[in-house]
Amino acid sequence: MSAPDTAAPPANPAPNGPAAPPADPNAQPQQGQAAQAEEQDEAAEEQDRPQDAWSSRRELADHAPPALRIGSGAGFGGALVTGDQHGVSGGRVAGDVIMGSKTEIWQLGPPAPHASGEVPAATLERLAESFVADEEAFGALAERLRKKRVLVVRGAAFTGRRTAALMLLRRAGATSVRSLLRDRPPAELAAQLDAEQQRAEQGRAEDAAAAGPVGYVLCDLMADRTRPLREPHLLAVRDRLAAHDGYLVVTVGPTAVLEEVDPAGWQPPSVAEVLTAHLAAHLRATAPDPAACEEYTGRESARLLALPAVTAFLARDHQLREAAAFAPALARHAAGGLPADELDAFSLGALESQVREWFEEDEAALPLRDKAFLISLAAFDGGPYALTAELSDRLYAELLRTQRPHAPADVPVFGTHIGKRLQLARAERRQAEEATEWGPVRQWVAAFRDDRAALVLLRELWTGHPSARPALVRWLRALAEDGRPLVRTRAAATTAVLAHADLPSAMALLIEEWAASPRYRHRMVAASSLALAHFVGAPNVPRVLDGWSQGEDRPMRWVAIRTHALIGPERPARTLRVLRTVVRKEYEESRREDPPAPLDEVMVEELAGAVELLLLSEARETVLGELLASYEVDRPARDLTLAGFLRACGRGAEPRTDPESGLGPAPAEEEGPDGEHPQGWPLVLDWYREAAAGEATAWVAHGLTRLWRAALGDSLHSRDALEVLRLWVLAAAHRQDVEWALAALLPALVAEPEDALRLAHLLRTMPGEDGAPPPPVAARLLTVVPATGHPVPQPR
């Protein structure tokens with residue numbers, strides 16, 4: 001469960017928590033609206049508070065997209081997208097590398113017809129060699145075509161509809177096939193067919209061998225609400241076909257408008273079946289021995305289909321046209337004409353081609369609203385569908401503002417059905433648990449079927465379509481203001497991908513503005529963006545943080561500290577050196593005033609929170625060793641170490657309430673938010689237990705004891721140390737294993753008589769829960785505290 005966000009809540013939140021959508025940016029403000037907005041901004045700034053580093057890291061772990069999630073091992077590496085080559089800044093690139101203007105055309109499958117004319121017989125023969133379909137279903141469609149002369153086939157784009165239509169005409173007995181224009185109104189279909197039949201009859205008169213039924217194919221008929229395909233249109237066509245012994249197959253997409261027309265649903269074969277069929281056709285054409293063609297084809301096909309590149313290709317969500325294009329590449333590889341690394345890169349190249357196709361501007365281009373949905377889905381990949389759709393309409397309004405700056409943003413209230421939207425985006429919807437401030441909830445989430453698609457799409461958008469940047473920047477700034485942690489985290493994750501693609505632009509347009517903001521909510525998004533950008537391989541992030549840490553801009557210094565806390569576990573020694581430098585700078589700036597000014601409490605808390613996060617990370621032993629070696633150097637280093645150590649000790653020991661009653665402690669068996677420790681199990685105390693039992697490095701127990709004794713004996717930190725021990729005792733009241741660990745620790749904390757007196761006083765006088773007397777466990781623990789001090793071995 002994500003920790004509650006302490007930032008200011010949005011004004012007028014919706015019932016489920018999100019901030020209300022922003023007003024139309026092009027609308028003129030009414031009287032009093034500007035003053036009301038200013039008052040709301042002032043109220044939000046008054047309530048603005050920094051969220052602690054631990055909660056920030058939990059939000060990144062809970063809400064970042066899977067490809068950028070901490071510890072997922074996915075994401076970019078150099079120029080790699082989840083392990084695949086993407087660009088030329090990293091990895092190994094084979095073939096031509098052209099920097100600058102370059103136009104690449106990927107011919108994936110047969111092109112759609114753009115003019116009327118006869119389909120060459122050679123084309124039909126080639127398609128027949130590699131055509132694959134369910135024989136029973138396909139035979140039923142062919143029989144239906146023979147009886148009714150005209151057949152409407154409905155199916156999704158790029159599922160082999162055109163090839164199926166041509167093969168249906170061939171199966172029905174057509175000796176030649178003519179392709180009809182698709183952009184004519186359905187009402188003109190009969191007249192168009194008359195003209196084609198006249199041409200066909202003229203051709204037959206010239207060529208007697210061409211006698212026989214004529215087939216007609218009309219691919220992707222443009223039938224919408226203004227010109228639907230109606231039953232009378234087909235009846236008129238059927239009469240003409242019967243008179244001239246012809247057949248017609250019309251293919252339409254899922255959104256085509258049909259009235260009283262019963263279309264046949266097209267069920268495409270699998271990608272593996274198409275790849276196998278096309279590969280076999282290519283191998284037969286290149287078989288060295290025609291007499292043993294089938295044996296060679298079967299053996300070589302089995303070998304090639306078992307290659308890792310083919311297995312990886314089939315594991316992705318590829319279209320049939322991409323499988324058809326992959327087959328000749330695979331055949332060239334078998335003949336030694338295509339290197340293995342280029343074969344491996346084919347899958348990613350096909351995905352990039354699809355993304356570029358989505359953003360093209362031509363007669364078949366996607367509507368702007370669908371493009372906005374694709375971008376929103378890339379930002380919220382794997383997130384709730386309703387949220388993705390809601391925020392995609394906000395982006396659509398921003399894109400309209402860029403495209404038509406003087407016109408109002410007209411966002412339709414109702415749009416395309418969810419299934420059609422996701423089909424267009426090559427995405428899927430499923431139920432999954434989402435972490436919220438109130439615990440996990442099940443929601444319908446939407447995600448690309450190819451886990452690389454979101455990263456590739458955002459990179460293409462940012463670097464290939466700079467005209468979209470103003471709208472995207474405005475949208476991300478609005479997301480950073482949102483009251484929902486998921487939305488703000490995805491804004492940061494999206495910015496991180498943009499920073500990986502173009503760091504200077506992302507810094508100038510987004511991150512630096514957030515980092516310099518007086519509002520902590522903006523600064524937290526900046527820190528999360530930089531941390532995620534560093535995780536996915538964006539260059540020079542540590543250099544940026546080091547500069548901000550030493551700079552005079554205090555908001556940016558705060559962002560640098562928070563980011564250091566988030567990325568520190570991978571470079572703990574360097575991070576601690578930076579933290580010590582910053583805390584000394586804080587002390588020096590305080591002493592410059594006359595009289596000395598108090599320390600900036602927020603900055604000091606942030607520094608301590610960074611140490612806490614490091615101590616609770618996978619690099620905890622390295623961090624503990626660094627702290628033990630440096631905390632006695634000077635007062636700033638000592639305060640930083642002890643404050644961060646005590647914060648870490650308090651993590652996991654916070655009192656929790658029974659979820660049913662809302663009162664009293666949570667049940668001991670309930671799992672904590674990290675999924676590793678039960679609630680009420682202090683994380684540092686568990687670490688001490690492991691070390692004392694020999695389950696961790698031996699010196700760790702002595703090191704933790706040494707810091708505890710330093711905190712208890714320091715006048716500035718003694719009160720906080722005793723409060724943490726009180727929380728540990730309260731946790732021990734509900735868990736016997738915590739009591740045993742605490743009983744092992746307390747005697748080690750006594751080195752002087754004063755230590756024993758301090759602990760005994762705490763156990764005798766500490767208040768229980770809700771002001772009750774000390775729990776019985778306090779009396780039991782008092783028996784293990786020695787009356788006099790004894791020396792404790794120091795860590796080596």
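Side chain of R430 to backbone of A446: no donor-acceptor contact under 3.5 angstrom is found. Of the possible donor and acceptor atoms, one in the side chain of H333 sits under 3.5 Å from a partner among the backbone N and O of L338. At distances below 3.5 Å, at least one donor-acceptor pair connects side-chain atoms of R146 with backbone N or O atoms of R171. A distance-only check finds a donor-acceptor pair linking the side chain of T463 to the backbone of R459 [under 3.5 Å]. Side-chain N or O atoms of T175 include one that pairs as donor or acceptor with a backbone N or O of P213 at under 3.5 Å. Judged by distance alone, with hydrogens and angles left aside, the side-chain atoms of R154 form a donor-acceptor pair with the main-chain N or O of G253 at under 3.5 Å. Using modelled atom types, one side-chain atom of E273 and one backbone atom of S270 make a donor-acceptor pair closer than 3.5 Å. Between the side chain of T159 and the backbone N or O of G155, no donor-acceptor pair lies under 3.5 Å. Although no hydrogens or angles enter the test, the distance criterion places a donor-acceptor pair under 3.5 Å between the side chain of R426 and the main chain of D317. Distance alone, capped at 3.5 Å, is enough to place a donor-acceptor pair between the T388 side chain and the P384 backbone.
The shortest side-chain heavy-atom distance between V445 and E434 falls under the 4.5 Å cut-off. Side-chain contact check for R182 versus L218: some heavy-atom pair is nearer than 4.5 Å. Counting only heavy atoms from C-beta outward, the side chains of V217 and V250 never approach each other to under 4.5 Å. Looking only at side-chain heavy atoms (C-beta outward), R227 and V257 stay at 4.5 Å or farther from each other. Residues R230 and P186 form no side-chain contact, since every pair of their non-hydrogen atoms from C-beta on lies 4.5 Å or further apart. For the pair R162/C219, a side-chain contact is recorded, criterion being any heavy-atom separation below 4.5 Å from C-beta on. Contact of the F380 side chain with the V487 side chain is registered, since non-hydrogen atoms from C-beta on lie closer than 4.5 Å. Residues L169 and L145 are in side-chain contact: their nearest non-hydrogen atoms beyond the backbone lie under 4.5 Å apart.
Using a cutoff of 4.0 Å between basic side-chain nitrogens and carboxylate oxygens, E300 and R303 are scored as salt-bridged. The pair R240-D194 meets the salt-bridge criterion, since a charged nitrogen lies less than 4.0 angstrom from a carboxylate oxygen. For R452 and E352, the salt-bridge test fails: no basic side-chain N is under 4.0 Å from an acidic carboxylate O. Residues E295 and R284 are not paired through a salt bridge, judged by the lack of any N-O separation under 4.0 Å between the basic side chain and the carboxylate. Between E360 and R356 there is no salt bridge, since no side-chain N of the basic residue sits under 4.0 Å from a carboxylate O of the acidic one. The existence of a salt bridge linking D451 and R316 is confirmed by a sub-4.0 Å separation between a basic side-chain nitrogen and an acidic carboxylate oxygen. We find that R321 and E357 are joined by a salt bridge, their nearest charged nitrogen and carboxylate oxygen being less than 4.0 Å apart. A salt bridge links D262 and R144; the closest N-O separation between the charged side-chain nitrogens and carboxylate oxygens is under 4.0 Å.
A distance of 10.0 Å separates CG in L221 from NE2 in H233, rounded to the nearest 0.5 Å. The CG atom of L166 sits 9.5 Å away from the OG1 atom of T251 when rounded to the nearest 0.5 Å. Remark: L279 CG to T297 OG1 distance equals 8.5 Å, nearest 0.5 Å. Within the model, atoms OG of S353 and CZ of F346 stand 9.0 Å from one another, a figure rounded to the nearest 0.5 Å. In this structure, CG on L320 lies 10.5 Å from CG on L275, to the nearest 0.5 angstrom. Taking OG from S392 and CZ from R369, the interatomic distance works out to 6.5 Å, rounded to the nearest 0.5 Å.
Pairing each heavy atom of A323 with each of V271, the nearest pair is CB-CG1, 3.6 Å. Shown here for F131 and M167, the closest heavy-atom pair between the two residues is CG-CG, 3.6 Å. In plain terms, the two heavy atoms of A272 and L314 that are nearest each other are CA-CD2, 3.9 Å. Of all the heavy atoms in A427 and R449, the pair that sits closest is O-NH1, 2.8 Å. Shown here for A264 and L141, the closest heavy-atom pair between the two residues is CB-CD2, 3.5 Å. The minimum heavy-atom distance between A471 and L395, with the atom names listed, is O-CD1, 4.2 Å.
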ask   = Can you list the steps and then say if L189 with L248 is a side-chain contact (heavy atoms from CB on, under 4.5 Å)?
value = CA-CA 11 Å; L189 186 56; L248 170 66; 4.3 Å; yes
message = Apply side-chain contact (heavy atoms from CB on, under 4.5 Å) to residues R332 and E342 and explain how you reach the verdict.
response = CA-CA 11 Å; R332 290 201 310 275; E342 292 190 25; over 6 Å; no
request  = Could you check Q354 against Q319 for side-chain hydrogen bond (donor to acceptor under 3.5 Å, both in side chains), going step by step and ending with a plain yes or no?
outcome  = CA-CA 10 Å; Q354 171 68 90; Q319 295 173 337; 3.2 Å; yes
query = Step by step, would you call E428 with L422 a side-chain contact (heavy atoms from CB on, under 4.5 Å)?
reply = CA-CA 6 Å; E428 62 184 3; L422 295 179; over 6 Å; no
task = Decide side-chain contact (heavy atoms from CB on, under 4.5 Å) for L124 and R170; before the verdict, give the C-alpha distance in whole Å, the side-chain angles of both, and the deciding distance to 0.1 Å.
result = CA-CA 8 Å; L124 295 175; R170 183 184 175 94; 4.1 Å; yes
task = Start with the C-alpha distance between R490 and D381, add both sets of side-chain angles, then the distance that settles salt bridge (charged side-chain N to carboxylate O under 4.0 Å, His left out), and finish with yes or no.
result = CA-CA 9 Å; R490 290 307 181 93; D381 188 28; over 6 Å; no
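Ring geometry for F326 against F313 counts as parallel: the plane angle stays under 30°, on a 0 to 90° scale with 60° as the upper cut.
Judged by the 6.0 Å distance and 45° axis criteria, R149 is positioned over the aromatic ring of Y247. Figure legend: cation-pi geometry between R421 and F373, with NZ or CZ positioned under 6.0 Å from the six-membered ring centre and within 45° of its axis. Because its NZ or CZ atom is not both nearer than 6.0 Å to the ring centre of W266 and within 45° of the ring axis, R161 does not count as a cation-pi partner of that residue.
Annotation for Q267: atom CD does not count as buried by contact number, only 12 or fewer foreign heavy atoms lying within 6.0 Å. In this structure, E260 places its CD atom where only 12 or fewer heavy-atom neighbours from other residues, nucleotides or ligands lie under 6.0 Å away.
Tested against L461 for a side-chain contact (heavy atoms from CB on, under 4.5 Å), the candidates T494, V355, L472, L374 yield a single pass: L472.
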